[in-house]
Each structure stands twice: as C-alpha cells, then as structure tokens.
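First up is the structure itself, then whatever we jot down about it.
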Number of protein chains: 2
Amino acid sequence: MPLSTRGIDAQDCNDAAPEDRAEAGDHAWDTLLELVTSRPKRAPDRKQNRSKRTEQQILNAALRVFARDGISRSRIADIAAEAGISTSTLYEYYKSKEDLAYDLPNSHLVSFFQEYRAAVVGKTSAREKLLLYLSMSADFAREHADWGRLFYLEIWPSVLVSETELRHSVDDFARIARYLIDEGVRQGEFPAGRNSYETASLLLGAVNQVIITWLLYRRPRNLTKASAEMADRVITMIANERP
Amino acid sequence: MPLSTRGIDAQDCNDAAPEDRAEAGDHAWDTLLELVTSRPKRAPDRKQNRSKRTEQQILNAALRVFARDGISRSRIADIAAEAGISTSTLYEYYKSKEDLAYDLPNSHLVSFFQEYRAAVVGKTSAREKLLLYLSMSADFAREHADWGRLFYLEIWPSVLVSETELRHSVDDFARIARYLIDEGVRQGEFPAGRNSYETASLLLGAVNQVIITWLLYRRPRNLTKASAEMADRVITMIANERP
DNA sequence: AAATAACCCGACAAAACGTCGAAAAAAATT
DNA sequence: AATTTTTTTCGACGTTTTGTCGGGTTATTT
C-alpha cells in the first residue's frame, strides 16, 4: 500500500504558486499523476467492517479463480465458495460475473500508478521517466501474475472494456506514455515531427507484446530483463530517429 | 476466395529441383508458406452438400453474433436462429460455444496467408516482404472487421487459445515475421546481433496495437495508411539500428 | 425401391445464473 | 440493557442457457 492518502492536497494547488522553472516543478505532470492515482472507487457505500472484509474475500477469490479458469469458464458459485460465502451474498456486492470481472483489476491498476508515482520522484529526463514507466509496468505484471493474466489477456483488449469504468484507467495508461513522449520532444530528447499518438502505440505495443508472451508461455524466462531491454531498445530507436 | 486449390503441388517439390540461386528460389520460405496455407481443417467428415451449407451458415451467423455481442454475451440459441437451424442441430457440428468460437477464425486466417502468399510473389527483398506482410495483415482486419474483432480482441490474447488448434495458426503468424527478419539479417538489410524473437515482438506488437485501437475505437480513421506508416517506420528503425 | 447412412429437430435433463424474503448480526435508540 | 432499526447473510426457488437423446426426415447407396 504505497503513498496511501495523498488524495486531495495536490489538486488544490491548482491556483497556488505558479512556478516558472521549466524542469523541476512540472505542473501538468503532477496533475496527471494525481488524476490517475485517484480514480474514484465504485460503490463505497458499505457501512460495516464486516462488509469490507467480505468484499476483499470476494476480490481475492475472484482473482484466483479467474486467473486459473479464465473468466468464461469460471462459475460464480466457485468464486463464492472460494470466498467462503454463499452465492446470493456475492450478488449483494456485484450484480453479475461481468460486473465483477471488470471492476476487479481496478484497485491493482491504481496501486501500480501509485507505485510509479512514488518511484519517479527525482527522475528528471523524460527518457528516464519513460523507461521507468515501461519497466515497472512489466515488473508489476510479473509480481502480480494472476492480475496480469486477467488484465492483459482478458480485460484490456476486450470489446467490453470500452463500456466499463475501467476504461478510464486503461486510457490513463496510454496517456502517461504520450505525455512523456511529448515532454521528451519539448526537451529535445526525442526528435520532433512525429505523431506522439503513433509513437506511444509503438512503445506500448512492443512492451505489452513482451508482457503478454510471458504471461502466456513464461517466455522469455526473465521478464524483468527482457522488458527493460525492449523498452530501452525502442526508446533509443525513437531518440535516434531522423526526423 | 483467393488461390483456391493450390494445396498439394507445392509440397511435392520438396524432393524436386533443388535450385541453388540464393535469392529467387528460396526453399525454406516456400516450405513455410506452404505450411501456413495448408493447416488441416478440423472435422471434415461431413458427406453431404447440405451439411457444408449448414456449416457455412453456422459460421456466418456465429461471426455476426460474436462480433455484435462479444463471445461471452452471445447465446447458442441466437446463433442457431440466425443460421436458420435448431440449437440441437448446431450441437451436431460444434460441441460447445467455446469450440465454435475457437474454430471460427481459422478459415479466415488461412485465407489471409493465402492472399499474402499470392501477393508476395515477385518481392525479392526481405524488407519488402515484411512491409507487405504487416500492411496486409492490417488491411485484412479492416476488410473483415467482424473477424478482426473476434480474432484480435477476443481470441488471440485469450488464455484459452494456447489449448486449441488455432494456436498453430497464431504461432505461424509470428513465425513468418521472424523468418523474414532473419532473412533480412542474412542479406544485410538489417543489422545482425539482435535476437530475432525480440525484433519480431517489436514489429508485431507495434502494428497489432494500431489494429486493435482501430477495431475498438475506429481510430485512426484510415487504418490502411496508419498501419503502413507504422510498419514502414518500425522497419526503417530496425534497418538503421546500430548493432 | 429397399436399405443404409447422414442429417435435423422437438422434447427433455442439467447446469449456471439471478431473485427474494426471512433470519442473523451489528448498530442505534430509548 | 432491552428495544428498535439498519445492515448483512443465506437458503429456497424461479429463470435462463447449455447440452443430450431418440426418433423422424432427407439424401445416398445397393
């Protein structure tokens, strides 16, 4: 649980000190990080502690079962049993399997953004920030492989994701990459003249491909090394690209 | 229906004329193309024409319904109704919805390989072949958008694909890219010293990302142009990479 | 044209999903 | 601390979807 309750304070500095130093106090960057780490949780309307515990049990159980069987083969009854509750209780918390599946990855995703936010402090160049971002995203999937399988292999590419709340967090994922690419161009680390949207697709597509292959086949063996290499390689290519 | 019945003749040239010209008559390349265009169809044991028609109706209906509702929300009964048959008849052909969903993309995929095989004749450099391959893959998804949604957004990344027959065709997809990269290195078009597996991930990941984004959001508007640009850009980067 | 094989469907069984009202537990009120 | 009220849980039950089976229909073979 990194960073915890930083929610409010970064936002209301909007009208406060408008620093003019170009490098260090990057306003838009802070705002973006604040945004992605504070997407509101759905349905926080439970009163008793017992409920929070039950909800957590459901989430843990669902993650295990989904990762093991895939969403389509998983049964609500199995998840409820694994969570130690009755199926009807589960329906008190989520109105359907789909609802559960598409809410589930949210908390992990926010955790990832929080971890990144904490780790990126001190990095100055856009290139460093970008490399860290991509490396950390792969490492996060490795450390939370059950979540990774669910998110990268079932949720992210799904047609259904565009109808859910999760969509915003997914969009944030690309938004950060795009922001850093633009920043790199402004600071002269990357050549100008390219569509940053396309460049972001290139970067994310390449790294995600490595992650997905690892999640499916556990190859290459060392994901941390492979993804960092890939990220570094592609970033270098982009930096050296003739405009 | 491109190329139609070229199945057999290319195979029995295995023991025939072993041409030594390095460029034109590339044996391994022909063999690979032959392999990917002739993956055996599952369950060809139907005798009557009536059955072939019924099976085709099922496939067409399933493609429409899956693309419209997503696999998980689609109902067998809907597909059967759309195909103009009873549900129990559908079960004569496919033992489950999953079975149907994972067999469905096969024929289109083979068609794509066949179209590519026909179009690549005459291209000599590995770079040209690779560019054509990636461009055509995007264009094929655009022309068969229903199939594209099913294949790229639901089947390919799925955990379940690794258990199905379709896996082989999916593997073929990457194998061709890898082959062409290796060929490019041999012919000096690309610098040596890189893992061709990694380079293939980079290429496919980048282009697929463009395709997926288009399938989900219809952006960028012109997929043909965007994917060709992306492919060309990445191939150029790889060609210019310092070893 | 009779026999055999292939194909199709209605009726039924099984499994999974989802709802509801009442019981149990916790919190609030008196 | 007994009560009322609110929150949470669960078993019983209805609905939807999946999957099976035997017999009837159509095509093919002899």
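What's counted below: heavy atoms across the whole structure, side chains too, no hydrogens, waters or symmetry copies. Naming: A, B, ... by sequence-line order, numbering from 1 per chain.
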Item to complete: Scan nucleotides 14-25 of chain C nucleotide by nucleotide, 5' to 3', and note B when protein non-hydrogen atoms come under 4.0 Å of the base, S if they reach only the sugar-phosphate, - if neither.
Response: --SSBBB----S

Discussion item. Over 60° means perpendicular and under 30° means parallel, so tell me whether B/F112 and B/Y116 are parallel, tilted or perpendicular.
Written reply: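 Ring orientation of B/F112 relative to B/Y116: parallel.
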
May I have the distance from [X] (atom [atom1]) to [N] (atom [atom2]), rounded to whole angstrom?
| X | N | atom1 | atom2 | answer |
| --- | --- | --- | --- | --- |
| A/N49 | D/dT7 | CG | C1' | 13 Å |
| A/R46 | C/dA26 | CZ | P | 15 Å |
| A/K47 | D/dT9 | NZ | C1' | 17 Å |
| B/D99 | D/dT18 | CG | P | 14 Å |
| B/R73 | D/dT16 | CZ | P | 18 Å |
| A/E55 | D/dT8 | CD | C1' | 13 Å |
| A/L90 | D/dT8 | CG | P | 15 Å |

Worksheet item: What are the residues of residues 60-67 of chain B, sorted by number, that bring a heavy atom to within less than 4.0 Å of DNA chain D?
Response: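 DNA chain D contact set from residues 60-67 of chain B: none.
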
Worksheet item: Going by number, which of residues 78-86 of chain A have a non-hydrogen atom under 4.0 Å from DNA chain D?
Response: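 Listed by number, they are A/I85, A/S86.
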
Worksheet item: Partners of A/H144 by side chain to side chain contact (heavy atoms under 4.5 Å, CB included), sequence neighbours excluded?
Response: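 Side chain to side chain contact (heavy atoms under 4.5 Å, CB included) check on A/H144 returns A/H108, A/F140, A/W147.
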
Discussion item. Ignoring hydrogens, what is the shortest heavy-atom contact between B/S72 and A/L160? Give both atom names and the distance.
Written reply: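 In terms of heavy atoms, the two residues are closest at OG-CD2, 3.9 Å.
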
Fill in: Nearest heavy atoms of A/V36 and A/F113, plus distance in Å
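That closest heavy-atom pairing would be O-CD1, 3.5 Å.
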
Discussion item. Side-chain N or O of B/T54 versus OP1/OP2 of C/dC8: is the shortest distance under 4.0 Å?
Written reply: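 For C/dC8, OP1/OP2 do have a side-chain N/O of B/T54 under 4.0 Å.
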
Worksheet item: Does B/S51 make a side-chain N or O approach to OP1 or OP2 of C/dA6 shorter than 4.0 Å?
Response: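 No, outside the criterion.
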
Worksheet entry | For B/T213, all residues meeting side chain to side chain donor-acceptor pair (under 3.5 Å), sequence neighbours excluded |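 Side chain to side chain donor-acceptor pair (under 3.5 Å) check on B/T213 returns nothing, list empty.
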
Practice prompt. Apply side-chain contact (heavy atoms from CB on, under 4.5 Å) to the pair A/D172 and A/R175, showing each step before the final yes or no.
Written response: CA-CA 5 Å; A/D172 289 341; A/R175 187 173 295 127; 2.5 Å; yes

Item to complete: Please check if the distance between the ring centroids of A/F173 and A/Y133 is under 6.0 Å.
Response: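 Centroid separation for A/F173 and A/Y133: below 6.0 Å.
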
Practice prompt. Carefully, step by step, assess A/R73 and B/E98 under the rule salt bridge (charged side-chain N to carboxylate O under 4.0 Å, His left out).
Written response: CA-CA 9 Å; A/R73 287 178 181 172; B/E98 193 177 303; 2.4 Å; yes

Worksheet item: Should the heavy atoms of other residues, nucleotides or ligands under 6.0 Å from CZ of A/R219 be counted, would the total exceed 12?
Response: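 12 or below, so no.
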
Practice prompt. Measure the angle between the two terminal helix axes of the helix from C/dA1-D/dT30 to C/dT30-D/dA1, five base pairs each, and quote it to 10°.
Written response: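 End-to-end axis angle: 10°.
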
Discussion item. Which residue in the set A/I79, A/L100, A/I76, A/L104 passes side-chain contact (heavy atoms from CB on, under 4.5 Å) when paired with A/Y94?
Written reply: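 Among A/I79, A/L100, A/I76, A/L104, the one meeting side-chain contact (heavy atoms from CB on, under 4.5 Å) with A/Y94 is A/L100.
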
Fill in: Evaluation steps, salt bridge (charged side-chain N to carboxylate O under 4.0 Å, His left out), between A/R46 and A/E55
CA-CA 10 Å; A/R46 296 274 160 180; A/E55 175 146 28; 5.6 Å; no

Practice prompt. Start with the C-alpha gap between A/R149 and A/E154, add the side-chain angles, then the distance that decides, and say whether side-chain contact (heavy atoms from CB on, under 4.5 Å) holds.
Written response: CA-CA 7 Å; A/R149 280 172 80 84; A/E154 306 222 50; over 6 Å; no

Practice prompt. Check whether NZ of the Lys or CZ of the Arg A/R167 lies under 6.0 Å from the centre of the six-membered ring of A/Y102 and within 45 degrees of that ring's axis.
Written response: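 Judged by the rule, A/R167 and A/Y102 form no cation-pi pair.
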
Discussion item. If we count only N and O atoms by modelled type, under 3.5 Å, do the side chains of B/Y179 and B/D26 hold a donor and an acceptor together?
Written reply: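 The answer is yes; a qualifying pair exists.
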
